[in-house]
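In what follows, a single structure is set out as structure tokens and then discussed.
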Amino acid sequence: MQDVLTAASPRWALLAFARLRSLWKRWFLWLILAVLVSALLVTVVWLAGRHEVEQVQAALDRDTADAVSDLRIGLQRNAQSLRATQASGLDRTHWPEAAATLLREHREWLRLEWRDAALRPLESANTPYRMRLIDEESRGADQTDVALACTAARKLGAPAYSPSHFVPVLGGGGVEVMELCVPIDAGGFLVASYSLRDTLIELVGPTLTRGQEVAFTETDGTRLVALGTSRRTGTRVFTSQQLIDLPGAALMLRVDGWRAAPDLFPNVLTALVTGISIALVSVLVLLARDTRRRLRAERDLADALAFRKAMEDSVITGLRARDLQGRITYVNPAFCEMVGFSPEELMAGSGESTEVPYWPTELAHEYQQRQARRLAGSMPPREGFESVFMRKDGTRFPVLIFEAPLINAQRVQTGWMSAFIDISEQRRIEELSRASQERLQASARLATVGEMASLLSHELTQPLAAIASYATGSLNMLGPHAKGEQAEVAMAVRRIAEQADRAGQVIRSVHDFVRRRDRTREAVAPQALVDAVLPLVRLQARKLGVIIEVLLEDRLPQAMCDRTLVEQVLLNLARNAMQAMDTPDNAGERVLRLRVARAVAVGGTGAGAEDVRRWLEFSVADLGSGISEEVASRLFTPFFTTRADGMGLGLSLCRTVVEQHGGVLMFEPNQPRGTVFRFTLPAA
Ligand code: ADP
């Protein structure tokens with residue numbers, strides 16, 4: 001078992017590998033196509049998505065840049081308007097009014113201060129729009145943010161800003177503030193404190209804060225103030241930030257925009273592409289399935305075709321198809337072999353004329369008419385008809401033809417289909433069997449006549465002898481010297497005696513002639529004897545439904561006999577046996593057993609104690625009606641028969657023949673019923 005496994009597994013593996021390879025070959029292109037289409041679709045969807053994202057991002061960047069430029073312009077204008085307050089000269093009396101006007105116009109400012117060159121506050125004003133946030137005490141000269149801004153402003157000779165700083169409010173919270181310092185011509189500075197949050201509100205368009213978050217951050221990203229809608233969950237964030245660099249300070253403007261839920265189909269284009277992709281993949285799948293179905297159908301068709309071809313090639317019946325014009329459209333190999341023409345010769349020959357090369361020239365006209373009748377629609381006989389064809393070498397042979405209309409799938413007749421059986425061999429056997437039957441029948445008649453002659457001669461000898469002795473007696477009574485009428489009577493009686501003697505001689509010579517057959521003895525194999533009668537026996541057996549069983553012992557010696565007579569004996573016994581089984585009340589099986597064996601001891605006419613010849617025993621057993629006591633006692637009597645058409649000579653002839661050979665003929669009941677007839681013959 002182990003060995004089988006190890007021997008089988010490499011072969012199995014090879015087979016599996018080969019199968020895998022063919023599968024791979026078949027599906028390789030489909031696989032590549034599927035992968036490419038999927039890759040294409042994924043790329044297109046991804047590109048569409050990215051294009052969308054880029055567009056959103058670009059719009060945001062544009063908005064942010066606009067906002068930054070708005071801011072920058074706004075801040076610049078603020079610085080200019082602050083600077084403009086000193087144009088008419090600053091004095092303490094006008095300060096409160098001027099400052100109030102400015103603070104009203106610029107709500108992003110929390111406070112205005114006028115400081116001297118040493119940054120000491122001279123005047124100040126707080127915005128009326130807010131609670132006071134900045135206390136006066138802490139706004140001294142050493143206020144760092146203001147100092148930083150003003151130092152830068154002095155250096156530049158232009159407005160400058162401080163970095164943002166946090167101003168806490170009482171009760172928690174606070175405000176991010178940035179200082180603007182503008183140097184004035186008379187020495188000193190004007191300082192405006194920006195609330196970063198209000199700057200966003202005032203200087204950035206309200207559209208930007210709609211749906212987005214706008215914030216100021218430090219350059220490192222720390223968020224200072226923010227404005228606008230805060231982010232909703234399930235959204236995708238787009239961020240854009242740009243630097244606003246101001247003299248003395250740098251701020252970042254950061255805008256966070258978001259799109260509602262990161263869509264699977266962000267826009268129509270992507271949806272369209274996705275839809276087309278799905279359709280494409282579906283078509284691909286359908287196509288693959290269709291191809292698989294086609295492949296299977298192709299394989300089935302190829303199998304069916306191969307099977308049909310094998311069938312056509314191996315069938316021994318000749319097949320031929322003709323179209324409705326009588327041209328041959330198909331012939332199978334068996335037909336070609338039968339007539340000796342190649343398919344090309346057969347089909348080319350029927351180009352214009354419908355005459356074919358296998359028609360015997362002398363019958364072509366008749367066949368032509370037959371074909372014309374067929375093409376005109378006359379139906380051929382179902383049981384077929386016989387015809388004669390001609391082989392390529394010119395020899396004629398008989399064929400049995402079966403013809404039927406050729407109906408196509410649309411149930412329309414497209415021609416005629418014919419099957420041919422070469423019956424020359426069948427004819428030869430029939431001829432042979434008929435000849436041997438005639439021979440046997442003739443010899444049977446002869447044997448019967450012989451037997452009758454022999455019987456007659458036997459039966460007639462005595463009356464003739466009686467006639468002769470009566471004639472002699474009469475002559476004696478008339479005396480040698482009879483005169484007149486007596487002499488005439490004596491003459492007639494002498495003639496009677498002469499004629500009786502002649503009749504005796506005729507009978508004896510006939511008897512001698514019949515017995516002369518004794519001399520025609522020869523050594524014949526038992527098999528040959530049996531084979532000679534079997535065809536005739538079988539013929540009758542088929543008619544009566546009898547099964548024949550033949551049993552010959554191995555290595556039997558030959559029989560020394562008159563072949564024709566012994567065949568006659570066998571035939572007679574077999575016929576009797578079959579007739580005995582052919583009764584209306586015999587419902588059992590009908591079996592005739594013909595057996596030839598070596599016989600050990602034999603009691604025969606010529607057999608004595610000194611008889612050391614070997615013998616053969618032939619037996620014919622039937623399952624028939626059997627032989628009753630009454631019939632048995634008269635069985636071998638000449639002319640005894642129980643059948644209406646019987647002669648009653650069969651068995652007596654058999655006995656004569658067997659006894660002439662020195663053998664014996666006997667019979668006994670068979671088991672379970674019927675009779676066994678046995679006879680012996682000397683071995684050669
Ligand atoms: P025939 O066959 O002409 O009748 P046969 O001499 O061959 O003359 O046979 C004589 C009779 O013997 C037959 O009519 C039949 O009644 C009987 N007989 C012969 N063979 C058998 C047998 N095998 N079984 C039964 N009866 C038989």
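First listed ligand is number 1; within each ligand, the first listed atom is number 1.
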Please say whether more than 12 non-hydrogen atoms of neighbouring residues, nucleotides or ligands are located less than 6.0 Å from CD in E362.
yes
Between atom CZ of R593 and atom CG of L623, what is the distance when rounded to the nearest 0.5 Å?
6.5 Å
Could you tell me how the ring of F389 sits relative to the ring of F335: parallel (under 30°), tilted (30 to 60°) or perpendicular (over 60°)?
perpendicular
Measure the distances from the heavy atoms of G624 to every atom of ligand 1 and state whether one is below 4.0 angstrom.
no
Any donor-acceptor N or O pair under 3.5 Å, side chains S619, R595:
no
Would you kindly specify which portion of L651 sits under 4.0 Å from ligand 1, judged on non-hydrogen atoms: side chain, backbone, both or neither?
both
Do me a favour and list the nearest non-hydrogen protein atom to atom 10 (C) of ligand 1 with residue, atom name and distance?
F640 O, 3.5 Å
With heavy atoms only and a cut-off of under 4.0 Å, state how F667 meets ligand 1: side chain, backbone, both or neither.
neither
Which is closest to atom 22 (C) of ligand 1 by heavy-atom distance: F636, F677, F639?
F677
Flag for S418-E403: side-chain donor and acceptor within less than 3.5 Å:
yes
Quick one: nearest non-hydrogen protein atom to atom 26 (N) of ligand 1, plus distance?
I627 CG1, 3.5 Å
Which residue supplies the protein heavy atom nearest to atom 2 (O) of ligand 1, what is that atom called, and how far is it?
R643 NH1, 3.0 Å
So for G626, does at least one of its heavy atoms come nearer than 4.0 angstrom to any atom of ligand 1?
yes
Give the minimum heavy-atom separation between F402 and E383, together with the two atoms involved.
CE2-O, 3.2 Å
Got an N/O contact under 3.5 Å between A580 and ligand 1?
no
How long is the gap from CG on L616 to CZ on F679, to the nearest 0.5 Å?
9.5 Å
Give the ring-plane orientation class for F667 versus F636, where under 30° counts as parallel, over 60° as perpendicular and anything between as tilted.
tilted
Using distance alone, determine whether T641 and ligand 1 share an N or O pair under 3.5 Å.
yes
Heteroatom distance test (N576, ligand 1): nitrogen or oxygen, under 3.5 angstrom
yes
Under 4.0 Å, heavy atoms only, figure out whether ligand 1 is touched by the backbone of D622, its side chain, both or neither.
side chain
Quick check for you: to the nearest 0.5 Å, what is the distance between M581 atom CE and R590 atom CZ?
8.0 Å
Got the closest protein heavy atom to atom 16 (O) of ligand 1, with its distance?
T642 OG1, 2.4 Å
Ligand 1-proximal atoms of T675, by part, heavy-atom distance under 4.0 Å
side chain
Name of the residue among R428, R427, R434 meeting salt bridge (charged side-chain N to carboxylate O under 4.0 Å, His left out) with E431:
R434
Using a 4.0 Å cut-off to any heavy atom of G646, which atoms of ligand 1 qualify?
3 (O), 4 (O)
Would you kindly specify which portion of L635 sits under 4.0 Å from ligand 1, judged on non-hydrogen atoms: side chain, backbone, both or neither?
side chain
Within 45° of the axis and under 6.0 Å from the centre of the six-membered ring of F397, does NZ or CZ of R391 qualify?
yes
Check whether any heavy atom of N572 sits under 4.0 Å from an atom of ligand 1.
no
